[in-house]
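The structure appears right after this line, and notes come after that.
Proteins come first, then strands; the chains are lettered A, B, ... in the order of their sequence lines, and each starts at number 1.
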There are 2 protein chains.
Amino acid sequence: MSTPATRRRPSMDDVAKAAGVSKGAVSKVIRDAYGVSPEMRQRVEATIRELGYRPRIAARAMRGSSFSIGLEIPNLDSEFFTQIMKGAASQLSGTNYQLMIAPGLGELSGTPVLENLADRQVDGIIAISPEVTPEWLEELSREVPVVLLGRHDKSASYDTITNDDEAGTRLALDHLLGLGHRRIAHLTLRMKNERSDAQPPHTVRRLMYERVTADAGLEPLVVYSDLAGDGAYLSAKELLVSDPRITAIFAGNDTLAIESLRAIADLGLTAEDVSVIGYDDIRMAGHPLVSLSTIDQFGEAMGRAAIDLLMERIRGGRTEPRHRELEPKLRVRASTRPASPTR
Amino acid sequence: MSTPATRRRPSMDDVAKAAGVSKGAVSKVIRDAYGVSPEMRQRVEATIRELGYRPRIAARAMRGSSFSIGLEIPNLDSEFFTQIMKGAASQLSGTNYQLMIAPGLGELSGTPVLENLADRQVDGIIAISPEVTPEWLEELSREVPVVLLGRHDKSASYDTITNDDEAGTRLALDHLLGLGHRRIAHLTLRMKNERSDAQPPHTVRRLMYERVTADAGLEPLVVYSDLAGDGAYLSAKELLVSDPRITAIFAGNDTLAIESLRAIADLGLTAEDVSVIGYDDIRMAGHPLVSLSTIDQFGEAMGRAAIDLLMERIRGGRTEPRHRELEPKLRVRASTRPASPTR
DNA sequence: TTGAAAGCGATACCAG
DNA sequence: CTGGTATCGCTTTCAA
C-alpha cells in the first residue's frame, strides 16, 4: 500500500516545528500581523509552501474570524437572486473572504437558514428575507453584522439596501397608463406572514399599485401566486380567462412576468392583446424572443453594495447603521404595446 | 441603555450549568448519543429551549463534523447549475445538514474554491469542475468525501455522476440529421486546460459531434466561446454571418443555445432558417416564446443523487467509489425544423 | 448513566 | 521581535 486512504493535513504546529519557530510566529505571518522580522517571515512562508499548509477556518473562527460571508436567499426560483449573488461574489473576489450561499427551500427559509449561517460563525450576513420579523433580525445583528436587501424597514442595528419600489411601481404603471391601458392587473407573490412594519418590496409595490390605480380612477385587481412550479403560470392564465377586459399585467417580478407571457402565448394571445411589464430586468428580459418591458433594480449593484457595507463593519469597525436606496429605471421593450380597444 | 450592543450567545457550558449537569451530558443529548437517561434528556432539552442554545459549528467541526455540504459551481452564468443546487438543497432538507454553495467567478474557480470549502471543514463536497486535474481531486478526496458531477474520468477515490453525453449528443445530431440538415455547426465552451484524462462533458460532446458528422460525411464546424457577457451571442452571430450555408446549430448547453437564438433573431432569421438544439433542458427552454429543442440531462436528479452518494460515505461509511450515469432524453420543440433548402 | 479532563488548531496576551 | 501559554466551545475517552 503506497498511499494512505486518508491523510491528516498539516497544522500550524507542524509548520512551526518544521520551520523551528513558535506557533505564534506562524500565526502572525499568515495574518501578516505586526512584529515579524523579514527573515522569520521568509522562513515561515517557505515552510508553508513546502508543506502545503492552509489554516483551518474552524479553528480560526473560534478565536477570530471565519473569513466567510453568508448570503441567504429565499429560494432558487428567481433569477434576480442570481444577479445579487454575482454582484456579491465579484465584489469579494481578490479578498480572503469566501461567499457561502445558503438557499432556502419552500417552507424552510428565512429564520432557520439565517441561524444556520450564524451557527457557522460567518463574519457577516446578507439576508434577503421578506418574512422575518424586524425584532428577530435585530437580535441576529447583535451577534453578527447583517445587511438586509430589499426591505424598507429601517433598523438602528442592521443595514439595508433597498430599491425605491414606490418610484419603480410608478414608472411601470405610468408607462402602462400612457399606453392607454385602463384595466391593469397586478400579479404578485403570496406572503406568508404579512406584517406592516416589515416592508417587503412586493408589499410596497402592491400598495403603490393600489394607490396609483385608485388615483387614476381604476379598479384594482390583485392576484397572489407562488413562484415554485407552475403556480404563477396557472394564476396568470386563470386571471386572463376570468376577466377578458384585462389589457395589461404589472407583474411583481420578471419571473412572474415571464410566466404571464407563457400564459398569454398558450392562450393564443400576443403583446397586441395583453401587455406585460415586470420588475428586476433579469437577463432573459432582454432576449429578443421575450423582450420584456421591466423595471431595472440593479441586482448586481445591490450585491456589490451589500459586501461594501459589511466590510465597513467587519474591517472598518462601523457601528452606526446605514440605509442605501437605489433608483430604479424603466426599460421599455416589446411586451408593452398600446392598449387594444377590442380584445 | 437597556440592551447591550452585542450579546454573547449561550455556550454548552451555560446550558450545563443551568441544568446542573456536565458538558458531556449536554453534548450527548444534542447528538442523541447512547447513554443518557430519559430524565436527563428531558431536563437538558428544556434548558436548551429556555436559553435558546444552538451549538457553534466551528467548535463541533474541530472534533466531529460540521454538518455542512459544500457545493462548488464554476460560475453563475448557467441556469443548469441552479437545477443541481435545487436538487441538492431539496435532498438535504429535513436533515441537520446545510448546503453551502461556493460559486467560482471568471478566472477564480476550481481549485481555490474547492480548497476554500475543504478549509471550512465541510463534511462532503460536490464539485462541478471541468478543469481540475484528476490527481488533484484524488488528493482532495483523501481529506473529505467528494462527488464529481459531469466528468467521465473514473477515479478509485471519488464518486462521479455523469450524463451519457455520447448518447445525448447522438440524440441531438440524429434529430437534426433526420430533419435533413447537412451543415451543422457546434457551439461549445472554451476550455482552459484541456486534458485527455479529465473528460469534461463539453469535450465528450464535441468529440462525439466530430465523430457523428464524420460518419455522416459532413464537415465539422466547431466554435468555442465563453459564457460570460455577450461572448456566446457574438460567437453565434459571427458564425452565422461567416457561413450562410449553416442550417443548424448544436449548442453545448441551453445557455449557449439561447444566445444563439438571440443572434438568429437579431439577424432577422427564424427557426425556419436556422435550427438550434441545446443541452440541459433549463426552465426557459420550455417557454413557448423560446421553445428550444434540447437534451434533458436531469440536473435536479443529479443534485439529489450527489447528496445520496455523499451521505452513503458520511453516515454509512462507504469507501469504495461509485460511478452513476444518467440517461439523457431528447425534447423536441419548435426551434428545430426541417432544413431550409434555400437560406 | 454521569462527570472530569484532555485535546482539536488556531489566536492573543504576556514575558523575556 | 520571539516563544510560551491560556483560551475559544465542543467531542471524546476514561473513571467513578
Side-chain angles (χ1 to χ4, degrees), chain A residues 6-45 47-48 51-68 96 118-123 143-144 314, chain B residues 6-45 47-48 51-68 96 118-123 143-144 314:
Chain A
T6 61
R7 172 158 52 197
R8 197 177 65 81
R9 51 191 285 175
S11 74
M12 182 173 281
D13 239 346
D14 299 330
V15 175
K17 281 199 182 67
V21 300
S22 74
K23 275 196 306 180
V26 179
S27 176
K28 281 189 172 178
V29 168
I30 69 169
R31 288 175 294 126
D32 56 10
Y34 175 79
V36 274
S37 66
E39 315 87 71
M40 163 78 84
R41 164 175 302 281
Q42 196 166 30
R43 192 142 56 103
V44 169
E45 279 175 345
T47 312
I48 284 176
L51 298 184
Y53 167 74
R54 299 193 317 272
R56 298 196 197 185
I57 305 293
R60 303 185 80 166
M62 292 202 62
R63 304 286 304 185
S65 27
S66 67
F67 299 98
S68 311
N96 303 318
D119 295 348
R120 281 164 180 75
Q121 306 278 109
V122 293
D123 296 335
E143 207 179 286
V144 52
I314 295 172
Chain B
T6 60
R7 173 157 54 196
R8 200 177 63 80
R9 50 191 286 175
S11 73
M12 183 173 279
D13 238 346
D14 298 330
V15 175
K17 282 201 182 64
V21 298
S22 73
K23 276 194 303 180
V26 178
S27 176
K28 281 188 171 178
V29 168
I30 68 169
R31 288 176 294 125
D32 55 10
Y34 175 79
V36 275
S37 66
E39 314 88 71
M40 163 77 83
R41 165 175 301 282
Q42 197 166 31
R43 191 142 56 104
V44 171
E45 280 174 345
T47 311
I48 284 176
L51 299 184
Y53 167 74
R54 299 192 318 272
R56 299 194 197 185
I57 305 292
R60 301 186 80 166
M62 292 200 63
R63 306 283 305 185
S65 26
S66 67
F67 300 98
S68 310
N96 302 319
D119 294 347
R120 280 162 181 78
Q121 305 279 109
V122 293
D123 296 335
E143 207 179 287
V144 51
I314 295 172

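Distance from the side chain of Ala59(A) is smallest for dA10(C) among the nucleotides dA10(C), dC10(D), dT2(C). Among the nucleotides dT2(D), dC10(D), dG9(C), the one closest to any side-chain atom of Met62(B) is dG9(C). Listed candidates were dT11(C), dT2(D), dT2(C). Nearest to the side chain of Ile30(A) is dT11(C). The side chain of Lys28(B) approaches dT2(C) more closely than any other nucleotide in the set dT2(C), dG3(C), dA10(C). The nucleotide whose nearest atom lies closest to any side-chain atom of Ser37(A) is, among dC1(D), dT11(C), dT11(D), dC1(D). The side chain of Ser22(B) sits closest to dG3(C) out of dC10(D), dA10(C), dG3(C).
Side-chain N/O atoms of Arg63(B) and base N/O atoms of dG9(D) include no donor-acceptor pair closer than 3.5 Å.
Remark: Tyr53(A) is in phosphate contact with dA10(C), judged by side-chain N or O atoms under 4.0 Å from OP1 or OP2. Here Arg31(A) reaches the OP1 or OP2 of dA12(C): one of its side-chain N or O atoms lies under 4.0 Å away. Remark: Arg56(B) is in phosphate contact with dG9(D), judged by side-chain N or O atoms under 4.0 Å from OP1 or OP2.
A salt bridge does not link Asp119(B) to Arg60(A): none of the charged nitrogens lies less than 4.0 Å from a carboxylate oxygen. Salt-bridge annotation for Glu39(B) and Arg43(B): absent, with no side-chain N of the basic residue lying under 4.0 Å from a carboxylate O of the acidic one.
At the heavy-atom level, Ser27(B) lies under 4.0 Å from base atoms of the strands shown. Residue Val26(B) is classed as having no contact, given no heavy-atom separation below 4.0 Å to the nucleic acid.
The two atoms that bring Phe67(B) and Asp123(B) nearest to each other are N-OD2, 2.7 Å, heavy atoms only.
Nucleotide dC8(C) holds its C1' atom 15 Å from the CD atom of Gln121(A), rounded to whole Å. Distance, Arg9(A) CZ to dC8(C) P: 16 Å, rounded to whole Å. Between Lys17(A) atom NZ and dG3(D) atom C1' the separation is 13 Å, expressed in whole Å. Straight-line distance from the CE atom of Met12(A) to the P atom of dG7(C): 20 Å, rounded to whole Å. With rounding to whole Å, Lys23(B) atom NZ is found 15 Å from dC8(C) atom P. Distance Asp13(A) CG to dT5(D) P: 13 Å, rounded to the nearest Å. Distance Asp32(A) CG to dC1(D) P: 14 Å, rounded to the nearest Å. Remark: C1' of dG9(D) and CD1 of Ile57(B) are 12 Å apart, rounded to the nearest angstrom.
A donor-acceptor pair shorter than 3.5 Å can be found between the side chains of Arg120(B) and Ser68(A).
Of the residues listed (Asp13(B), Val21(B), Asp14(B), Val15(B)), the one engaging Lys17(B) in a side-chain contact (heavy atoms from CB on, under 4.5 Å) is Asp13(B), and it is the only one.
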